[in-house]
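A short write-up of the structure that comes next.
Below, read A as the first sequence line, B as the second, and so on, with proteins coming before strands; counting in each chain starts at 1.
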Amino acid sequence: MSAGPLLDVRGLDVRIPVRDGTVHALRGVDLRVEPGEVVGLVGESGGGKSMLASAVIGMLPANAVTQGEVLFRGADVLTMTREELLHHRGHGAAMCFQHARAALEPMRQVRKQLADRLRAHRHLGGQGVHDESRRLLTEVGITDLDRVLAAFPHELSGGMAQRVMIALALACAPGLLLADEPTTGLDVTLTADVLGLLRRLATEEGRGVLLISHDIAAAALVCDRIVVLRAGEVVEMGPTRQVIDTPRDDYTRELLAAVPDIDRPLPPVDHRSTAAAPVVTLQDVHVHYRARFGRTGHHALRGVSLEVHAGTTVGIVGESGSGKTTLARMLLGLVAPSAGRASVAGTDLSRLDRASRRRLSRSVQMVFQDPLGALDPRRTVLDAITEPLIPLGLSNAERQERATAVLRRTGLDDRFLSRYPHQLSGGQAQRVGIARALVADPDLLVFDEPTSALDVTVQAQILDLIRDLAADTARAQVFVSHDLATVRSFCDRVVVVYLGEIVEEGTVAEVFESPRHAYTKSLLAAAPRLGGRLVDNPTAREETTS
Amino acid sequence: MRIVRYLGLRLALLVPTLLGVVVLSFVLVRVLPGDPLAAFVTPSTTSEDIEKIRQRLGLDVSMWEQFTTYVGGLFRGDLGTSIQSGSPITTELSTRFGPTMELVVISVVISLLLALVLGVWSALRANRPEDHVIRVGSLVGTALPEFWLGLILIAVFYKTLHWFPAPSGRVDRGVDLTSITGAEGFDALLAGNLTALSSALAHLVLPVATIVIGISASLMRHVRASAIEILASPTWRTAQAHGVRRGALLRGYLLRGTAARLPTLVAIVLGNVLGGVVLVEYVFSWQGMGQWLLRGLLYRDYPVIQAGVLISAVVFAVAYLVADLVQALLDPRVKL
């Protein structure tokens, strides 16, 4: 290997011609990655991070117009021939794509997908492929090798799929590993594991790692240097400590301010009495999913008791597979409790007939995790928002009036009413989702990880909005999240769920300041903090599949 | 074993399905206007004669009695006797089912392979000239009426070029071949009779081509759309970005994915071909089930119609069952 940087991007300029003009995606970007170094590339979506990654692996859109150089070990990726590119992709620089579950081939076993890469780049066969596959999976912290090797992607949990994705990239034996938002949708403990793994790959194996993230706090945990990208331009770069402690650019400060800090709570929301009748009452509720053909099922909730009063917000926290989504689905009447008593707004959830189901659908509304996926792409914002009003038999004018009012409440003006989902950003789409949930004045509003698919800066704005809504007295709210930090700012009570059981319950102050259960303590400890440093943990935690 | 249990369940479900078909076809043919006896009536026939014929055909008893006799026969494998020819349906069917299925199955299989190859190729060159040529060509093929296309193929390839034999049967006269299944090509293969095989295959070419040209367009468009979807997916991008070899990429990622989206459509197409094959059979004098069934329908030959409907139902049910099994084999996410 020649001396000098592994990756040296010099003055890279990318323009994409579109129907009416040109999108200037990258403007004179300079970036270096040395072997053994982890470099964080941070910024909001649309800032050009993924475009830069595509340039590094030679997969820019075919019509892109480029200037500058992308030197990989001294060779310019932009001028490589087809054959050179085939070698460069994977073996030179390998990318771990975002949303690993969707990026893995659904009809191919993990074993075969690993073999595809090992054959192409390492020229291994038979026994070699077998041994190396096992070594790679072990390296990314997977212990039940046989099961994972034989598994299809849909049989893996999110965290497991992410590890397999990294193993696939490593199978190409790359000099440079690009990780595009590798921790999206993972809970805090898994995030720490994956980031720790990337750090180890750089430190112990001397690979270069380019970590792409919208979350500057997560990047700060493991990166040696941080590069901040905004609208295609590098606005700041430097050693991690320097960027975090003494940011020079306003945008960097904005990114830092948006990080929900678990140690620095906002003043509590103006409180109401909890004397009002409970909207949600759960007593020793169990949910058991039976497998098809009556084989062993999955016991998702094991004896959960909970009360949520009107005018209060309860945060439900737990990692993936803990049963928090089941709990949310049950409140909406989508899953029936197999045992125990459960009622929402006076409706018994264990005996739902058509009439009570209709009543329930009016009194409970949900805000979904994926804001764009929850909107019908062929219907306008007005259509989406007024949908819950249809059974109320209002006139068109009344409906439109209520939609406008509720949209204003969420911070959008009525110009948005005629737009289609593809014309909205993630944050705007989530505001529409919240407006739709609010419009029919529900008794209970359930938020299912409403910010985990959003950029950190947008996330902060949405959390502000939810905090604002939490002050309404008429409504009870349940906020489901894997992230303790988001819950802190506006919840009255916090419930921690672990393996289908409530292990801790109390006011925000009680849970955050004096956690009793070991699991709560570990969640608090794993939460990313600005200025924190990830302790390298060589024995990665064993993970259960959901 | 899950698959055995599933198969058992599906086959068990076949019983009520077929029972429904039996009842419906039995009632419907009798409700239709027209009388099977009309064919026997001449100006000199007396009403006494008609009564006698009616008795001989077993049509003089009540509908319920006719039904119990029919169903009783079904359990013994007796589909009844053709009113027109007077010979047992099972005998007639045994010489006609094979040839039709041979034609239909070969056509569908060839269309499927053609659609996969052309569709994927077309998707890989989406919006380039080759792609447009394929798409327009296939559309024209679909738009041509089958009977007309058949005649054109005969005019060109038999009358003018003499490449293929006359449309007057399924093997050349004088070829010595004992019938096993009734499907000549298959029989020749079983018997290892090469002369007969080449003769049978030569006779198959034009009718098969007629059907293939008619149906491959819809399959191909479906394959092309699926392939384009896969080419735009994060899955494909990932494999490409990891430099997976082109062979593995095409086979394991593209072809597999498109094939997995096909089985149900193939079953539907197979059903359509089975229904529409009668025109091709007429044009090519292919003594198959379609022609026989059509004649039965025109003369209100009750047993023939009932048997035809029943056979179609069985073929459909089996086709869908096979499609579901193939789908489950190809796509691990499908749970049986």
Side-chain angles (χ1 to χ4, degrees), chain A residues 50 53-54 56-59 82-109 112-123 150-155 164-165 167-174 177-178 180 291-293 295, chain B residues 1-10 12-13 116 120 124-128 131 226-263 324 326-336:
Chain A
S50 298
S54 301
V56 173
I57 54 173
M59 286 181 81
R82 218 178 132 106
E83 282 68 38
E84 286 168 333
L85 267 180
L86 272 181
H87 182 74
H88 171 65
R89 284 180 193 153
H91 197 53
M95 177 112 161
C96 299
F97 285 85
Q98 201 176 358
H99 305 305
R101 201 90 149 271
L104 300 173
E105 165 60 38
M107 294 178 211
R108 229 167 152 71
Q109 287 172 319
K112 284 194 182 170
Q113 300 197 39
L114 276 167
D116 288 336
R117 278 128 179 116
L118 292 171
R119 292 215 174 87
H121 297 294
R122 312 265 286 271
H123 309 289
F152 290 96
H154 70 280
E155 295 165 338
V164 168
M165 183 79 229
L168 288 183
L170 290 179
C172 309
L177 192 69
L178 298 114
D180 189 359
R292 254 181 105 178
F293 299 129
R295 284 195 296 174
Chain B
M1 275 278 283
R2 210 177 58 201
I3 202 149
V4 174
R5 185 195 201 121
Y6 175 80
L7 254 178
L9 191 76
R10 286 286 298 259
L13 273 175
L116 266 176
V120 167
L124 285 170
R125 284 161 187 73
N127 296 324
R128 287 208 235 147
D131 176 41
S226 309
I228 282 181
E229 207 176 292
I230 289 176
L231 290 175
S233 68
T235 302
W236 178 259
R237 203 176 144 75
T238 306
Q240 219 183 7
H242 285 179
V244 173
R245 283 179 190 167
R246 193 161 171 81
L249 209 55
L250 288 182
R251 250 179 296 113
Y253 294 74
L254 189 55
L255 263 180
R256 174 77 185 262
T258 45
R261 298 172 198 210
L262 270 178
D324 287 349
V326 171
Q327 177 99 58
L329 283 179
L330 286 176
D331 190 340
R333 288 166 298 180
V334 175
K335 292 266 178 297
L336 287 182

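A donor-acceptor pair under 3.5 Å is absent between the side-chain atoms of A:His91 and the main chain of B:Gly243, judged by distance alone. Judged by distance alone, with hydrogens and angles left aside, the side-chain atoms of A:Arg108 form no donor-acceptor pair with the main-chain N or O of B:Tyr253 at under 3.5 Å.
Residues passing the side-chain hydrogen bond (donor to acceptor under 3.5 Å, both in side chains) test with B:Arg246: none are found, sequence neighbours excluded.
Of the listed residues A:Ala102, A:Ala103, A:Ala171, the one with more heavy-atom pairs under 4.5 angstrom with chain B than any other is A:Ala103. Here B:Thr238 is the residue among B:Thr238, B:Asp331, B:Val244 with the most heavy-atom pairs under 4.5 Å with chain A.
Taken to the nearest 0.5 Å, the CD atom of A:Glu105 stands 9.5 Å off from the CG atom of B:Leu254.
One side chain, B:His242 or A:Arg117, offers a donor N or O that lies under 3.5 Å from an acceptor on the other.
Taking each heavy atom of A:Ala120 and B:Arg245 in turn, the nearest pair found is CA-NE, 3.6 Å. Scanning all heavy atoms of the two residues, the minimum distance from B:Pro332 to A:Pro106 falls at CG-O, 3.5 Å. Closest approach of A:Ser54 to B:Arg237, counting heavy atoms only: OG-NH2, 3.0 Å.
If you measure heavy-atom distances from B:Leu249 to chain A, you find no contacts under 4.5 Å at all. Residue A:Leu168 touches chain B through both its backbone and its side chain, counting heavy-atom pairs closer than 4.5 Å. The part of A:Leu104 that comes within reach of chain B is its backbone (N, CA, C, O), which places non-hydrogen atoms under 4.5 angstrom from that chain.
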What pairs of donor and acceptor atoms, side-chain ones from residues 93-100 of chain A against any protein atom, are under 3.5 angstrom apart with sequence neighbours left out?
none

